[in-house]
2 protein chains.
Amino acid sequence: MRWALIGASRIAANYMIDAIRSVEGSTITAVLSSDAARGADYARTHGIAESYTDLDRMLAEAEIDAVYISTTNEKHHAEAMAAIAAGKHVMCEKPLAMTVADAAEMVRAAAEKGVVFGTNHHLRNAGTHLAIRDLIANGAIGNVLSARVFHAVNLPEVLRGWRIDNPGAGGGVIPDIVVHDADTVRFHLGEDPVEVVARQTVSGLGQGVEDSAMSIWEMPSGTMVQTHESFTHAFAETGIEFHGTKGSIVARGVMTQNPVGEVWLTDENGRKSVPYETHGLYERSMRLFHAAARGEGRPSADGVDGVKSLAVAMAVKAAADSGKAVAVDYGGF
Amino acid sequence: MRWALIGASRIAANYMIDAIRSVEGSTITAVLSSDAARGADYARTHGIAESYTDLDRMLAEAEIDAVYISTTNEKHHAEAMAAIAAGKHVMCEKPLAMTVADAAEMVRAAAEKGVVFGTNHHLRNAGTHLAIRDLIANGAIGNVLSARVFHAVNLPEVLRGWRIDNPGAGGGVIPDIVVHDADTVRFHLGEDPVEVVARQTVSGLGQGVEDSAMSIWEMPSGTMVQTHESFTHAFAETGIEFHGTKGSIVARGVMTQNPVGEVWLTDENGRKSVPYETHGLYERSMRLFHAAARGEGRPSADGVDGVKSLAVAMAVKAAADSGKAVAVDYGGF
């Protein structure tokens, strides 16, 4: 499969270029950047044949089967719609769009066109999370009473930019991180949050956007979920916990792009470490995406998953803004 | 100091009788129980000279300087007001009363009468919590950005009774446990929650009352607090965490009546275990109460602390009931 990168981004350079190329027969033939010099430089650095500044021209001229979209969030919708119209498969960064309606339109358009649409939620590809999901699915902790998600990190200096000062580009910790937590909890529990309450604040980084948030989600089964997301926590380990009637799963250092961290299961037999696979997260995501493009299975996180994670983040934002419980609107999905 | 127990309770038998007697010159001379046979049996078992069924008679006849109130919550107000009117010092179980107004009236009455009023919040007496508070006060973690309180436990079978089925007696996990979390966070941060959001549910035990709750509190400094309380979590360790600009404090197994648990500090120098004192929690509380009665210092948690912890719990309950952010009403304190 021949790929174009839409966005000469850091995440592509750090993770996705290698992940795409890790799949046999997969190449990256073009990159799009609004800045011609940056695009040309990026192409040279990463061994990509062509760089473009015009999306329509790239879609018309470049020999590509799929695009990976990692521009700022407000651009995703128009770029995805154009790529889908041109018959390209789409792997899109999260959050998919600025509104649930836009995201839903992208996902419906891909389905109508018959192209594969994936959302780049990496966490559900991690060996740690796959092990946790298997434990829950196999009844290791019985009925799940509660979940806790700790995703308060220190946003690296190089990633600050629009994430801490541009609401119009989708900045703020809620669009940036709550979507991952929503996708991960949905992945583990197999159900979608119904209603949320939340609070947000600025604790040192945010300029016009929130840099810290806490929320509580009610799941259809009655499971309660609490989350904490932040850009300003330099010493707080990430983690996720699931507490059930028969046991508890506690994981630390697992809300990350790398195959690391620790998982423990505590039940009536005591506490034990849980083994897990250490494959690359994005590599697994790409393998599944390519298989889906061949008609085998589905992407790790598909378009509907992307719509739903965005919907939860939008509800958290609305709840934090209003001080009121907000029902999650999944845009018809 | 000569004490009477108001309530032939399990907590008195398990902790407070020994704690009172651990203070030199302190004796327990009477116990009040609505059930004469139970009171007489309790007195015999615990070496208490007299048992009474009538509070006014006990206050008039028994030779006592102080009372420890550990009846069900709806009885505290009348019992405390009578004891204060009779000039007795009062150590009262939490929550102080069924309303903030009632609790405030008790505390104001004690101040007017010149008797000492303590609230039996044990956690701020724990060596673990004293060590944590010292770290925070000494700037070990810089400005505190967030706190997390994990107080989801498995309510022992013998304690279920009214706690899981009688809202009229103050049952439910919010009055029972949120008050402790509120007092502990206030103790560590030296400030009072301003506004809260919350959710509650029934997850296997509650009959007409909530048995699980999660809440988020906004502090005046901007510190965000998240809490989780439950009666139904058999495998979830308790814990408390404070995350700051210069470090994080993580403690596990510390939301308990016993001098146990672990505390770690993580900062730019890495992670290290924090040593702490292992004195009995209730013994320390009693030492400070007796000193206060001699005019030296104040109780570990005084009446105002009890009013404030109740106020936070009432706000959490109102927020969980309404789905709306609720400002904490401290009843004038």
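Numbered from 1 within each chain, the chains take letters A, B, ... in sequence-line order.
If you tally non-hydrogen atom pairs under 4.5 Å between each of Ala234(B), Ala198(B), Ser230(B), Ala152(B) and chain A, the highest count goes to Ala198(B). Options Ala236(B), Gly204(B), Gly222(B), Ser322(B) differ in how many heavy-atom pairs under 4.5 Å they form with chain A, and the most are formed by Ala236(B). Options Met224(A), Glu195(A), Glu237(A), His243(A) differ in how many heavy-atom pairs under 4.5 Å they form with chain B, and the most are formed by Met224(A). Considering only heavy-atom pairs separated by less than 4.5 Å from chain B, the leading option among His233(A), Gln226(A), Glu218(A) is Gln226(A). Counting heavy-atom pairs under 4.5 Å between each of Asn154(A), Val197(A), Val225(A), Ile216(A) and chain B puts Ile216(A) at the top.
The residues Asp183(B) and Lys308(B) are annotated as not salt-bridged, no charged nitrogen and carboxylate oxygen being separated by less than 4.0 angstrom. Using a 4.0 Å cut-off between charged side-chain N and carboxylate O, Glu262(B) and Arg252(B) make no salt bridge.
Side-chain contact of Thr201(A) with Ser212(A): a donor-acceptor pair under 3.5 Å is absent, judged by distance alone. In the model, Ser215(A) has a side-chain atom that pairs as donor or acceptor with a side-chain atom of Trp217(A) under 3.5 Å.
In this structure, chain A has a heavy atom under 4.5 Å from the backbone of Thr227(B), while its side chain stays farther away. When heavy atoms are compared at a cutoff of 4.5 Å, Thr245(B) approaches chain A solely by way of its backbone atoms N, CA, C and O. Contacts of Gln200(B) with chain A are made by backbone atoms alone, with heavy-atom separations under 4.5 Å and no side-chain atom involved. In this structure, chain A has no heavy atom under 4.5 Å from any part of Val202(B). Heavy atoms closer than 4.5 Å to chain B are found in the backbone of Ala213(A), but not in its side chain.
Inspection of non-hydrogen atoms places Lys324(A), Ala325(A) of residues 324-333 of chain A under 4.5 Å from chain B.
Residue-environment remark: CG (Asn14(A)) exceeds the threshold of 12 foreign heavy atoms within 6.0 Å.
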Next item on the list: Go through Lys246(A) and Asp267(A) one step at a time and tell me if the salt bridge (charged side-chain N to carboxylate O under 4.0 Å, His left out) criterion holds.
Entry: CA-CA 6 Å; Lys246(A) 294 183 179 172; Asp267(A) 60 17; over 6 Å; no

Next item on the list: Quick one: do His188(A) and His129(A) satisfy ring pair (Phe, Tyr, Trp, His ring centres under 6.0 Å)? Show the steps, please.
Entry: CA-CA 8 Å; His188(A) 288 303; His129(A) 289 284; 5.1 Å; yes

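Listed by first and then second residue, the side chain to side chain donor-acceptor pair (under 3.5 Å) pairs involving residues 165-176 of chain A are Lys94(A)-Asp176(A), Arg163(A)-Asp176(A) (not counting sequence neighbours).
The shortest heavy-atom contact between Leu123(B) and His180(B) is CD1-CB, 4.0 Å.
Taking the six-membered ring for Trp, Phe150(A) and Phe150(B) have ring centres closer than 6.0 Å.
In this structure, the side chains of Leu265(B) and Leu135(B) come closer than 4.5 Å at one or more pairs of heavy atoms.
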